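I am attaching a structure below and will ask some questions about it afterwards.
Since we're looking at a predicted model, the values are computed, not measured. FYI, side chains are in, hydrogens and waters are out, and symmetry mates aren't considered; it's all heavy atoms of this structure.
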Amino acid sequence: MTNLTRVTKNLLLAAQFVFHNFRACIFRALPVLFLISVLTYIQSFLGGIFSEMTTYISPFLYAMFAVSWHRYSVLESAKTLKGIPYQLGTRELMFGALSAFSTLFITWVLGFLIQNFDQGTAVTLFALLLIPLLVTLVFVYPAIALDQPLRIGYFLREGIILLPSFIVALLCVAICIFVIGGGGYLLISILTSIFTPLALKIILFVSINLVLVPIILAVTASSASFLYRDVIGLNTEEDVPNSQEQ
């Protein structure tokens, strides 16, 4: 019987891992997030063709950080790299292309179903199509980042087996978001009485883009890598520690 807490445990291990390696996370995330912010800012003025270019470029920039952090999470060799911790090579191009294609495909499917079916049927069909796609992608992304074979059928089978565990993890995440959101709302209410609107806006921008976003991206990547290592197994001769040791 599938362990219902398996995915949740990987999430907790990933959060712990990111906390213990926060400096490395920020070091890798900030240059990419800064570049994306600059492109977004320029896009707001130029629009047109540049706006479309930014939309297509962003997934590949995110991929540079994601691939780097996937590898840092489970490969000892990635932790000892010197200099620039990421690049734009085959891994990043494949990762970014998959991200862009998946987003466009999901958006297209949702639009198609809404246009051709009533709301209840569209939501049901969308869930039935989305679930197998997502439980497969959760293994495909780390496979690309870690130079592993893409065994799509095997990934789908293992993902479906783990589906109850994914549901439990999503419920836990939803509860955490609710609790953190309530705390954040209370904190913002307190800060509103202390800082001016402009100062508060700057504080929130910095907190979200320089702290919260890197943490979310890193925890997501680490969770997927840990799960891949534990469920699929790594085809490598490197010394890869068991996730329980993280």
Side-chain angles (χ1 to χ4, degrees), residues 1-22 24-26 28-29 32-33 58-59 62-63 65-70 72-74 95 98-99 102-103 105-107 109-110 123-124 126-146 155-188 204 207-232 242-244 246:
M1 182 176 179
T2 303
N3 186 349
L4 291 177
T5 62
R6 189 168 196 176
V7 176
T8 305
K9 288 179 178 178
N10 273 280
L11 277 170
L12 293 175
L13 286 170
Q16 182 183 28
F17 178 83
V18 172
F19 176 77
H20 289 155
N21 296 273
F22 185 70
C25 171
I26 294 299
R28 286 164 169 75
V32 171
L33 293 176
S58 294
Y62 278 116
F65 168 71
V67 169
S68 173
W69 196 253
H70 274 292
Y72 188 89
S73 297
V74 296
F95 199 105
L98 178 61
S99 297
S102 299
T103 301
F105 178 74
I106 291 172
T107 302
V109 169
L110 180 59
V123 171
T124 302
F126 184 66
L128 291 175
L129 292 171
L130 190 63
I131 288 173
L133 175 63
L134 294 182
V135 298
T136 303
L137 287 177
V138 76
F139 294 121
V140 173
Y141 282 116
I144 292 174
L146 301 171
F155 293 167
L156 174 60
R157 189 187 74 183
E158 293 300 316
I160 294 298
I161 291 173
L162 280 173
L163 185 57
S165 187
F166 280 115
I167 294 174
V168 171
L170 287 175
L171 291 175
C172 292
V173 169
I175 293 172
C176 290
I177 291 174
F178 178 78
V179 173
I180 294 173
Y185 179 80
L186 179 61
L187 178 60
I188 291 174
L204 291 177
S207 300
I208 292 173
N209 289 279
L210 303 187
V211 179
L212 187 60
V213 171
I215 289 177
I216 292 174
L217 292 175
V219 170
T220 302
S222 293
S223 299
S225 289
F226 290 168
L227 196 63
Y228 186 96
R229 179 184 58 192
D230 295 345
V231 175
I232 307 299
N242 185 276
S243 64
Q244 299 300 324
Q246 295 294 343

Query raised in the report: Going from CG on Leu134 to CG on Leu170, what distance comes out if it is rounded to the nearest 0.5 angstrom?
Result: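 CG of Leu170 is found 9.5 Å from CG of Leu134.
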Query raised in the report: Side chains of Ser73 and Ser225: is there a donor and an acceptor less than 3.5 Å apart?
Result: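 No pair is found: no donor N or O on one side chain lies under 3.5 Å from an acceptor on the other.
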Query raised in the report: How many angstroms lie between OG1 in Thr220 and CD1 in Ile215, if you round to the nearest 0.5 Å?
Result: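 Going from the OG1 atom of Thr220 to the CD1 atom of Ile215 covers 11.5 Å.
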Query raised in the report: Donor-acceptor pair, Ser223 side chain versus Ala14 backbone, under 3.5 Å?
Result: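 Side chain of Ser223 to backbone of Ala14: no pair is present.
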**Report entry** Spacing of Leu227 atom CG and Lys9 atom NZ [to the nearest 0.5 Å]
**Finding:**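 Answer for the CG-NZ pair, Leu227 versus Lys9, is 13.0 Å.
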**Report entry** Sub-6.0 Å ring centroid separation between Phe95 and His70
**Finding:**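 Yes; His70 has its ring centre under 6.0 Å from that of Phe95.
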Query - Ring centre gap for Phe226 and Phe17 strictly below 6.0 Å - result: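 Aromatic pair counts; centres sit under 6.0 Å.
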Requested in this report: Would you check if Val138 and Phe166 make a side-chain contact, meaning some heavy-atom pair closer than 4.5 Å?
Outcome: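 Yes, side chains in contact.
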Query raised in the report: Given side chains that start at C-beta, do those of Val74 and Leu146 come closer than 4.5 Å, heavy atoms only?
Result: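 Yes; the side chains approach each other to less than 4.5 Å.
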Requested in this report: Determine whether Val18 and Ser222 make a side-chain contact, defined as any pair of heavy atoms from C-beta on separated by less than 4.5 Å.
Outcome: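 Counting from C-beta outward, Val18 and Ser222 do come under 4.5 Å.
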**Report entry** Partners meeting side chain to side chain contact (heavy atoms under 4.5 Å, CB included) with Ser68 (sequence neighbours left out)
**Finding:**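 Residues passing side chain to side chain contact (heavy atoms under 4.5 Å, CB included) with Ser68: Arg28, Pro85, Tyr86.
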Query - Arg6 side-chain N/O to Asp230 backbone N/O, donor-acceptor pair under 3.5 Å - result: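 Answer holds: yes.
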